[in-house]
Every structure is written in structure tokens, then in C-alpha cells.
Amino acid sequence: MWFPRFASDRVLRTRSVEAGFALTLSEQNTERLYCLSPQAEALGLHRGMSLADARAFCPSLITQPARPDLDARFLRVLRRWALRYCPWVGLEGPDGLVLDITGSAHLLGGEAALLKDMRARLVRAGISVRLGLGDTRGAAWAYAHFGEDKALSDLPVAALRLEEATVTALQRLGLRTIGDLTRAARAPLARRFGPGLLRRLDQARGDMPEAINPEPEPPHYATRLTLPEPIGLLPDVMAATARLLEPLCCKLKQHEAGARKLVLSVQRVNQGSQQVELRLASAMREAARILPLFERGLATVDAGFGIDVMRLEAVLVEPLPVAQLGAPRAPAQTATASEQLNDLITRIGTRIGLENVQRFLPADSHIPERSFLIAPAAFSTPQGGWACHRPRPLHLFAPEPILARGGTPPSAFRWRGMALRTGRATGPERIAPEWWLEEESWRSGLRDYWVLDTREGRRLWVFFTPQSPGWFVHGEFA
Amino acid sequence: MQDPFSSVFPLRPGRVHEVYGAGAMAFSAMAAAAASGPVLWIRESWQEGGLHPVGFAQFLDPARVLLARSAHQIDSLAVAEEALRDGVVPCVLIEVTRPLNLREGRRLQLAAKAGRATGLCLIPEGMGSNAAETRWHARPKFDPESEDSTLMCWEIKKNKSGTIGAWDVRWSHQARRVHVVSPVRLGPGSQDALG
């Protein structure tokens, strides 16, 4: 199965373009045409042409940058679709699929009917396709790329999946078709072109086996439940959720994974649907622990006339290896303190957002504002290393200017409407700005920090900026 | 009951307490240091400035602190109630910006009782709730003698199950706990308790 215009078909499925259409990909500093629509090809453009040339030929050409990653994803979608024909489906290059229909063709009424069905469905989906049916994988590839109704020996040698240079060399030797190649003596060919050429030939003719690698299905972490009668009470919905959670957690355990984010979709009788999202503070797969965390989210669901379909999906899954339990624990204390704390973070996170539960991490900087980081607690671990030998205030705020002159701390000043008298000034401690980082508040240059013990009791952290004289209060020690 | 200070500090667990004044932050850091295990500090996200972890590291290991930034006070209280009731976090600090009514205060008390956790509200002056177990006024004091001083005056203004009093305290860096310097002034109800 070869999709000659795979990438542009994918884009044109979502938007219809009357004029010529092409996808461009930048290669070695030039934009080149990557994939063209049939209209564009009819205008005389071809793949690999530079975009400027193509524009000159055809000013009305509509282009769009190619997205090979999305193409690959779409090909995997098609691969999954092709499983309807047979269980052995593999990828063939970036724009093809290979199916081993041995033993499954009769299910659709024979090979011809199968091909017809396949072609009809793909054309309806708007994807141009060339199908090759051969006894071997190599032959099928040759038929798909170089003509579906010729005999194998009449096809050009390029149909053997060879390199460009080999094909040119073979043509110079006068070996133009596969038939010519089969009739030629094998030993000189092997000596000149290496074993690759003969292997390809044997694979096409069936003298050498070639397996199809069906890709393993990625595990799908979702369960659904259809109810014969609609339910509406919270305990019922919780019970249904418990039933959904059980197989999901089993599956997660099999794959040594843990869910980080779960989405429960609830469908009402009148076709309305609601979603309950649960973000967990750590990857989890214990149904008994996850279930109570859903309680708050489910309480917000409006059941209306009743719920009859529920679907639970683990949207975000992280690997979670099986942990060894230290000692058999009593059933009453099934969760350790850190697990309980994570549960609490999850519950708080459902209320205020998981990223709003934070923790402090030390950072390597002399600048007081930069000496720590704030990270979401669910995605970080506590760290030590907080030692600081200089006095640092307990409470840090944006610098507040005070009226004072000179390089020594004022003996009396006003701050926040209070008249304060300096009892003792300790300092200065000079902190230089980090010139390699742009920091608006440190534009005023060096700072001389003083600890001011006022006679009124307040202990303030003030600084003087010698490069543009001024005094500011930056923090408080109590 | 020889030492009335040790009967009120460390704060009684299973209750919600209140503190106000210029030294409220230091008081809460020291109170949290007295408990063991994680500390949840609930703060509204619009509030400017804030805790400086390097600064309070001398009292309380910042690795123990979890910070919850809520959108408004209703969320703060909900988070506090959840955490207090759960009991995993033995010390929950709540920065309150508007006065709690009796119902909110009582709900926090019940949650703290259920989880055996200590709650401490940092309140603006004069915004105390009637449900609080104790209410403290903490203010720093000028200490003419020592340079790196942490001298503070802690005054207990309200105590539901004991006497009130005032103490000059300082943080002992060696022992990592609060030391009483001298009882300076006693509230009217505490005369006979001291003897």
C-alpha cells in the first residue's frame, strides 16, 4: 500500500484547495517542494523543486510548511485502521503500509474484493493510494510503486528497492528490467554490487523470506461502562467509578506505569457530557487510594436525568516500577506518610490547582530574591543546603524607599508611616548585581546592606545604593 | 504548673491559634519549628513579598515547608480545613486577610480536633476570631546588648484554657528552640498561677 501524495493528502483532507497545492520543507537553506497535489503536478511542478522556481512557474501555487511528525502520526492512524483487513500490518517507509493478508483475504471475499474495498475506502477518505498485491513483500512494493498490472520481470530494476547509484550502474550495464537481472549471471553481480542487490532480488522473487514487523499496540489506558439504567446518586456514581478504576489499575500495574492525570467522562441520558479531571501529586495505581480523591470532582457533576455511560481514561501516564514493601504492613496503615502527604497535595490541588502547591528549592545566587526557587511540590523533591552565614530577613518585600542621605545609616527615619530611631546598625554587606542577568530592580548598581535594630523594636534590612544614592528597606527580620 | 510559658508554648495541638503583630512571621516560624514533620503555609496569591526561605532557615528547615497559594480567602480556609482534618501535616499556617466569622473559626477548630493538627492564623491586628484557642501578640524588641538578636516580646492576649501572660523570648541558635529571657509583665489573671 503506497500513498504517493501522503503528506499533501493529509493537509487537503482538512481544507479544500482549488488551485495547485504543495507542502514545502526547508533543506539545506532552501525551501523545496516536499509533496504536491495532483493539480500542482499537472502544472508541471515536481517534488524536490525549489519553492522560488515553483512560484515562477505557477504564481497561484498555495504552499504550507510540511510537518513530517504529523505525517508519521497519521500513518500510524492508518496502520491502526488497516488492522481491519489483517492482523499483520507494518510500516513501509514514511509513506506506505505493508499488510500480510495471507489467510485473511477470504474474509472479505478474496484478494480482488479486498483490494477494491481498500481502494474505495481510502478514496472516500481523500487519500490517493497505489496498491500492489504480490506474493512477497518485495514484489508487492514493486507493483505498488511501478505499475500494478505488469509482470514482475517487466518492471524496471528500481522496483527492487535499490540505491540510486546501483540503479544507474545497472542501467549502464544494460540491465533495465528485473527480468534482465534474473537472467544475468549472479556471481559477477554479487562481486560488483555486493550482496545487497541479490538479496533484494531474492526477496522480490520469494527465494528469501522477508518478515513483516507488526508494531506492538501501545497500551491504551481507558475503561468504559455502559449502564442499563441511568444513575444519579453520588454513591452510585462512586461505585461505578470504583468498577472502572479496578481494571484500569490492573492494566497500569501490568505495564509498570502509574497515572498522573485521569479524566472521567460522564455521559447523561440526554446526550450531554461532563468531564471530571483529576491530577495526582504523584504517579499512582492503587484504586483504593485514587477513588476517594475523585469524590470532590464527582460532587460537582450535575447528573440531570441520569448518567448512563462513564468512561475513565488515564491521560497522563508515567512509568512507575513496582516498589518493594519494607515489611508487611497492617491493613489499617496501608499508606505511608509520604503517600498520605501526596494524597493531601492532590486533594488541595483539585481545589486551588496542583501548580499552586509549591515548595522552596535552594538556588545558587547572592542576590536575595534569587537565592531560592519556587517549584510545584508535585513535580519536585525537597532539597537541603540552605546554609547562609550572613543575616537574611525572614520577610522579603519589594524595596521601599526611605528618606536619608549619605553612606551611613540614618539615625532616625520614617517607614510605613512610623517614625523609627536607629538603635544599632550592623554592616555593611556589599552585594553586587549579577551583570550576566538582566534584572530591572538591580539597575541601580551595588547595594550595601545594613541590619538596622530600631529602638522601637523593628529589625529591618535596609540597603544603600552608592552608585545612585538612595536608601531602601528590603526586608524585615521578625 | 511551675512554668506558665511551657504550658502555652509549644502551641497546643488539635487547636487553632492566632497571632498578630510585627513579629507574627517569626512567631509562626518558631511555632512550626517546634512541631515535627511538614508544614503547610497557606497564603493568598495576590499578597506581595513573602517568606524568604534563607531567612527562616535558622528557625525552620525550608525543605519541610509546603506553600499553598490560593486565589482568595475562601480557598485558603478550604485548604486549611482539608489539611487540618487530614492530620498528615502537623502544623498549618494560614495568612488571614479579613476577619473570620464564628462559623469559619469553629469549622477550623473542629477540623484541627479531628486531625490532631495545630493551626495558626496570622491575622491583622484586631481581626481575631472568637473561636481561637489562644491569641498572641508578637513584637520584636530592641536589645541593647546582643548584636544578632532575636529578642521578642510575646504576649498572650487570649487563652481559652489557661492564663494569659507576657514573656521576653529569644531564639537559641544552639538549642534551636525558644528561650524565655525573663517574665517582664504579667497579665491580671496570671498572678496566682505564678505564685
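Reminder, nothing fancy here: chain letters follow the sequence lines and each chain counts from 1. These numbers come from the heavy atoms of this one structure, side chains and all, not from hydrogens, waters or symmetry mates.
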Per-residue contact mode, [X] against chain A (heavy atom under 4.5 angstrom):
| X | result |
| --- | --- |
| B/Ala57 | side chain |
| B/Ile42 | neither |
| B/Phe27 | neither |

Decide whether [X] and [Y] meet the rule of one side-chain donor and one side-chain acceptor closer than 3.5 Å.
| X | Y | result |
| --- | --- | --- |
| A/Glu429 | A/Trp450 | no |
| B/Ser70 | B/Glu44 | no |
| B/Ser161 | B/Arg12 | yes |

For salt bridge (Lys or Arg N to Asp or Glu O under 4.0 Å), just list the numbers for B/Glu155 and B/Lys157, CA-CA rounded to whole Å, side-chain angles, deciding distance to a tenth of an Å, and then say yes or no. CA-CA 6 Å; B/Glu155 194 176 349; B/Lys157 290 282 191 181; 3.6 Å; yes
List the steps, then state whether side-chain contact (heavy atoms from CB on, under 4.5 Å) holds for A/Leu298 with A/Met238. CA-CA 8 Å; A/Leu298 283 178; A/Met238 286 296 283; 3.3 Å; yes
For chain B, which candidate among [options] shows the most heavy-atom pairs at distances under 4.5 Å?
| options | result |
| --- | --- |
| A/Glu476, A/Gln383, A/Arg458 | A/Arg458 |
| A/Pro368, A/Gly353, A/Pro391 | A/Pro368 |
| A/Gly384, A/Pro393, A/Ala398, A/Pro362 | A/Pro393 |
| A/Glu456, A/Arg455, A/Glu369 | A/Arg455 |

Can you tell which part of [X] gets under 4.5 Å to a heavy atom of chain B, answering side chain, backbone, both or neither?
| X | result |
| --- | --- |
| A/Glu355 | neither |
| A/Ser371 | both |
| A/Leu344 | side chain |
| A/Ile345 | side chain |

Look at B/Pro38, B/Ala26, B/Pro140, B/Ala63 and state which one has the largest set of heavy-atom pairs under 4.5 Å with chain A.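 Ranked by heavy-atom pairs under 4.5 Å with chain A, first place is B/Pro140.
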Choice from B/Leu151, B/Leu67, B/Val54, B/Val79 maximising heavy atom contacts with chain A below 4.5 Å: B/Leu67
When rounded to the nearest 0.5 angstrom, what is the spacing between CZ in A/Phe477 and CG in A/Leu394? 9.5 Å
Fit a plane to each ring of A/Phe472 and A/Phe463, take the angle between them on a 0 to 90° scale, and name the class: parallel (under 30°), tilted (30 to 60°) or perpendicular (over 60°). parallel
Does the side chain of A/Thr454 reach to within under 4.5 Å of the side chain of A/Arg459, using non-hydrogen atoms?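 In short, these two side chains do not touch, never coming nearer than 4.5 Å.
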Among A/Arg390, A/Arg430, A/Arg392, A/His474, find the one that has a side chain to side chain donor-acceptor pair (under 3.5 Å) with A/Tyr449. A/His474
